[in-house]
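Everything below concerns the one structure shown next.
Chain letters run A, B, ... following the sequence lines, proteins first and then strands; every chain starts at 1. Note that the coordinates shown come from a computational prediction; the quantities given were computed from them, not determined experimentally.
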Number of protein chains: 2
Amino acid sequence: MPTEPDLERGGRGDPEPTRPLRADAQRNRARILAAAESVFAADGIEVPIDVVAEKAGVGIGTVYRHFPTKERLFEAIMIERVSALTVDARARLETGDPRSAFFEFLDYLVSEVLIKRDLISAFAVAGVEFEVVAADAKQELNAAVADLLTAAQDAGTVRTDVTGQIVLSLIGATCMAAKQLHSGSTVDEMLAVLRDGLRANA
Amino acid sequence: MPTEPDLERGGRGDPEPTRPLRADAQRNRARILAAAESVFAADGIEVPIDVVAEKAGVGIGTVYRHFPTKERLFEAIMIERVSALTVDARARLETGDPRSAFFEFLDYLVSEVLIKRDLISAFAVAGVEFEVVAADAKQELNAAVADLLTAAQDAGTVRTDVTGQIVLSLIGATCMAAKQLHSGSTVDEMLAVLRDGLRANA
DNA sequence: TACTATACGGAACGATGGTTCCGCTTGTCA
DNA sequence: TGACAAGCGGAACCATCGTTCCGTATAGTA
């Protein structure tokens, strides 16, 4: 295990007031994040780093200066994405109709996952190690979804024998399968089955 | 594209009466198939060929003498597996109660997919190229499932807006997600949602 | 403007895994 | 049983990809 340079900015751990990054370094860091975001969204985590580096207009070495590992770079993006979902879920929980908020969130979730291919790995395909750092963000999403779910269950619109975990997995898996089938309309049909399966049995 | 040696036995294309394999070669071919079957079932297609060769007690070269490509070896096994499923589906169609045969087949399908990890790729994760040869077997399974499905739909136990394709994808995706979650009980909960979603709405 | 810590680029390294090649072994047939 | 085609083993080859290293460039500063 190599010595950790602690170059990260904006993470949870920032005890020592590290000297601010040089201007060009800040610029490059932002570019790398932006490039990775779009590249991972388009093709998933399996894209080689060269591609990210090229899209960002920097060398491979620069990418590694900012993120010690491909996985860490990926995590940085996943945390952002998953957190955004959490925020959305919380908002719906507060302002929406508890009977429908859960299903509306599902629709939003699906649209996001379909646009951002890498999100799939956050739910289903992720290697085990990946979870370690992004686990917090995922926990929060799990909790938010669980709350939405409970509200819907209390309102009597969703069956009571499922957990947020299960729902997220089902959605992730379905989106993945749908992508592979590269026929657009199938997603809706698959989701129709899911939605009806989730409803409290009439 | 290299010249095709046409070493395959028992495939659809066998116009020239090729000399039969030597006794040891037949033995080895069988061993390779058996080894690949169990190894792929246990760990999926991503297992390196070395492992298959070792398990079969032969050298790598021997594997490649019999199957020009890893993919071809995989296909040989998939065709067998998928065909077995087709046979099962047809049998249920002939002897079972049309109202329940479809769901009973689903249960069997799930149990098979959970035991044989590689089957998942036949439905959801397969690289595109893989399909080319195994496509026939899959078509037949699709057709059989479609027939089961139609029977159930006619009997009024399954919703009418889904296709066999959709069902297979949903099952495959769900099993995959369930595997990744490595918590055994979840499969049942996920499938409960699926089953209820597939039922004709009460 | 000159100096230096910081940052950069990308060639090179190492691991992994599919595939090929070729010298040796062995089944088959006369 | 001898000869030869068929088959075998596995080292070597090649491509991919994550990661490291180091000589060079440059932002920040006196």
Are [X] and [N] close enough that a side-chain N or O sits under 4.0 Å from OP1 or OP2?
X       : N     : result
A:His66 : C:dA7 : no
B:Thr62 : D:dG7 : no
A:Asn28 : C:dC8 : yes

Review point. Which pairs count as side-chain hydrogen bond (donor to acceptor under 3.5 Å, both in side chains) when at least one residue sits in residues 32-48 of chain A, sequence neighbours excluded?
Key: none
Practice item. Sorted by first residue and then second, give each side-chain hydrogen bond (donor to acceptor under 3.5 Å, both in side chains) pair with at least one member in residues 95-106 of chain A; sequence neighbours left out. Key: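 Checked against side-chain hydrogen bond (donor to acceptor under 3.5 Å, both in side chains) - neighbours excluded - the pairs reaching residues 95-106 of chain A are A:Asp97-A:Arg99, A:Ser100-A:Glu104.
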Filtered N/O pairs between nucleotides 16-19 of chain C and protein, under 3.5 Å:
{"residue": "C:dG18", "atom": "OP1", "partner": "B:Lys70", "partner atom": "NZ", "Å": "2.5"}
{"residue": "C:dG18", "atom": "OP2", "partner": "B:Ile49", "partner atom": "N", "Å": "3.1"}
{"residue": "C:dT19", "atom": "OP2", "partner": "B:Tyr64", "partner atom": "OH", "Å": "2.9"}
{"residue": "C:dT19", "atom": "OP2", "partner": "B:Lys70", "partner atom": "N", "Å": "3.0"}

Expected rows: protein N/O vs nucleotides 4-6 of chain C N/O, under 3.5 Å:
{"residue": "C:dT6", "atom": "O2", "partner": "A:Arg22", "partner atom": "NH1", "Å": "2.1"}

Practice item. Under the side-chain contact (heavy atoms from CB on, under 4.5 Å) rule, collect the residues that match up with A:Thr163, sequence neighbours excluded. Key: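 side-chain contact (heavy atoms from CB on, under 4.5 Å) check on A:Thr163 returns A:Gln165, A:Ile166.
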Practice item. Report the residues that fulfil side-chain contact (heavy atoms from CB on, under 4.5 Å) with B:Val87, sequence neighbours left out, ordered by chain and then residue number. Key: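 Testing B:Val87 for side-chain contact (heavy atoms from CB on, under 4.5 Å), a comparison that skips the adjacent residues, returns none.
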Check your understanding: Got a sec? Which of residues 30-44 of chain A come in under 4.0 Å of DNA chain D, heavy atoms?
Key ->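 Here the set is empty: none.
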Point to revise | Check ion pair B:Asp24-B:Arg27 (N to O, under 4.0 angstrom) | key: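 Looking at B:Asp24 and B:Arg27, the cut-off is not met.
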Which atom pairs, donor and acceptor, lie under 3.5 Å between side-chain atoms of residues 140-155 of chain B and protein residues at least two apart or in another chain?
{"residue": "B:Asp147", "atom": "OD2", "partner": "B:Arg90", "partner atom": "NH1", "Å": "2.9"}
{"residue": "B:Thr150", "atom": "OG1", "partner": "B:Ala146", "partner atom": "O", "Å": "2.8"}
{"residue": "B:Gln153", "atom": "NE2", "partner": "B:Arg159", "partner atom": "O", "Å": "2.8"}
{"residue": "B:Gln153", "atom": "NE2", "partner": "B:Val162", "partner atom": "O", "Å": "3.4"}

Study note, to complete from the structure: Pairing string of DNA chain D (Watson-Crick or G-U wobble, both atom distances under 3.5 Å; | = paired to other strand) is ||||||||||||||||||||||||||||||
**Study point:** Inter-residue atom distance B:His66.NE2 - B:Ile32.CD1, 0.5 Å rounding
**Key:** 4.5 Å
Check your understanding: When rounded to the nearest 0.5 angstrom, what is the spacing between CG in A:Leu106 and CG in A:Leu194?
Key -> 8.5 Å
Review point. Nearest-Å distance, CG (B:Asp24) to P (D:dC8)?
Key: 5 Å
Point to revise | Partners meeting side-chain hydrogen bond (donor to acceptor under 3.5 Å, both in side chains) with A:Asp88 (sequence neighbours left out) | key: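 Once residues adjacent in sequence are excluded, the partners of A:Asp88 under the side-chain hydrogen bond (donor to acceptor under 3.5 Å, both in side chains) criterion are A:Arg92.
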Side-chain donor-acceptor pairs of residues 107-116 of chain B under 3.5 Å, sequence neighbours excluded:
{"residue": "B:Asp107", "atom": "OD1", "partner": "B:Arg195", "partner atom": "NH1", "Å": "2.7"}
{"residue": "B:Ser111", "atom": "OG", "partner": "B:Tyr108", "partner atom": "O", "Å": "2.6"}
{"residue": "B:Glu112", "atom": "OE1", "partner": "B:Lys116", "partner atom": "NZ", "Å": "2.7"}

Review point. What are the two closest non-hydrogen atoms of B:Thr157 and B:Phe103, and how far apart are they?
Key: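 Closest approach of B:Thr157 to B:Phe103: O-CE1, 3.8 Å.
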Exercise for review: Might you point out which heavy atoms bring A:Val63 and A:Ala53 nearest each other, and give the distance in Å?
Suggested key: CG2-CB, 3.8 Å
**Study point:** Residue list, ring pair (Phe, Tyr, Trp, His ring centres under 6.0 Å) with A:Phe105, at least two apart or on another chain
**Key:**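 Checked A:Phe105 against ring pair (Phe, Tyr, Trp, His ring centres under 6.0 Å); zero matches.
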